[in-house]
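To keep things clear, I will list the structure first and then write my remarks on it.
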Amino acid sequence: MRIQPLALVAALTTVALPAIAVADAADDAIKARQGYYQMVKHNAGMLFGMAKGDIAYDAEMANTHAGNLSALANLNTGSMWPQGSDKASKPGKTRALPVAWETFPAIMEKQDAFVKASGALAANAGGGLDALRANIGPLGASCKGCHDTYRAKEF
Ligand code: HEC
C-alpha cells in the first residue's frame, strides 16, 4: 500500500494539533522543567553516589554522567519558564518561587555556577575517583545555591 503524503499530513494535523491547543501552556512548561530537573538529578546522583563510595567508581560511567550533566546545564530552557508558571500562579503544581521572575536575570548567576561546576566535572570526572571527588563540591553547592533562593520546600 502507498501512503499518500498529503493524507498523512492531514491525519496528523487533525489528531495532534487540538491536543496541543487545549493543554495549558504554563502547566506544560512546569512539567517540562520538572522533567528536566529529574534528568539533572539522575545524572548528578550517579556522580554523588560514586564520590561518596555508594556506587563503585567507573571512569566511563563518570565521564558519561558528567557529560550529560554539562549538556543539560547548557540547554537553553528559557521557554520552560513562561510568565504565570510560578508557585503563586500555580500553587500545588510548582515550587518555582516568583522571585525568579521578579529579579530576573539574577537567577542566571546560579545557572552559571551549575554550568561551570558541570563543565569542570565533564573535563575531570573520568580521570579517577580523586579527580571526581576534587570537583564534586561545587556541583552540590550549585544545586543548593539556586534552590535556597528560587525553590520552595513545598509545592
Ligand atoms: C538555576 C537554578 C537551579 C539550579 C542550578 C538547580 N536547580 Fe533544581 N530546581 C530549581 C527550581 C526553580 C526547581 C523547581 C521547579 C518547579 O517545581 O517548577 C527545581 C527542582 C528540582 C527538582 C525537583 C523536580 C520535580 O520533579 O519537581 C530536583 C530533583 C532538582 N531540582 C535537582 C537539582 C540538582 C541535583 C541540581 C544540581 C546538580 C539542581 N537541581 C540545580 C532550580 C535549580
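Nothing here was measured: the structure is a model prediction, and the numbers come from that model. Read the numbers this way: they start at 1 and go in the same order the structure lists the ligands and their atoms.
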| task | Determine yes or no for a side-chain-to-main-chain donor-acceptor pair under 3.5 angstrom, with Lys87 supplying the side chain and Glu154 the backbone. | result | yes

| said: If the test is side chain to side chain contact (heavy atoms under 4.5 Å, CB included), which one of Asn68, Asn43, Leu69 qualifies with Ser118? | reply: Leu69

| said: Tell me whether Gln38 has any N or O atom under 3.5 angstrom from an N or O of ligand 1. | reply: yes

| Taking non-hydrogen atoms only, is Arg151 closer than 4.0 angstrom to ligand 1 via side chain, backbone, both or neither? | side chain

| Has the side chain of Asn63 got a donor or acceptor atom that lies under 3.5 Å from a matching backbone atom of Ala59? | no

| field | Main-chain N/O of Met50 paired to Asp54 side chain as donor or acceptor, under 3.5 Å | value | no

| query | Side chain or backbone of Trp81 under 4.0 Å from ligand 1, or both, or neither, by non-hydrogen atoms? | reply | side chain

| said: Quick test of your reading of the model: are Asp24 and Lys90 salt-bridged, counting only N-O distances below 4.0 Å? | reply: yes

| note | Note: heavy atom closest to atom 36 (C) of ligand 1, options Ala113, Ser85, Cys143, Gly45, belongs to Cys143

| field | Lys41-ligand 1 polar pair, N/O distance under 3.5 Å | value | no

| said: I'd like to check whether Lys93 has a polar contact with ligand 1, where a contact means an N/O of the residue lying under 3.5 Å from an N/O of the ligand. | reply: no

| said: Looking at ligand 1, is there an atom of it that comes within less than 4.0 Å of some heavy atom belonging to Phe48? | reply: no

| request: Could you tell me whether Val40 approaches ligand 1 through its side chain, its backbone, both or neither, with non-hydrogen atoms closer than 4.0 Å? | output: side chain

| Got an N, O or S from His147 under 2.8 Å of atom 8 (Fe) of ligand 1? | yes

| query | Are Val40 and Ile55 grouped together when hydrophobic residues (ILVMFWY) are joined by side-chain heavy atoms under 4.5 angstrom apart? | reply | yes

| So which of Ala96, Ala29, Cys146, Ala73 gets nearest to atom 3 (C) of ligand 1, if we judge by its closest heavy atom? | Cys146

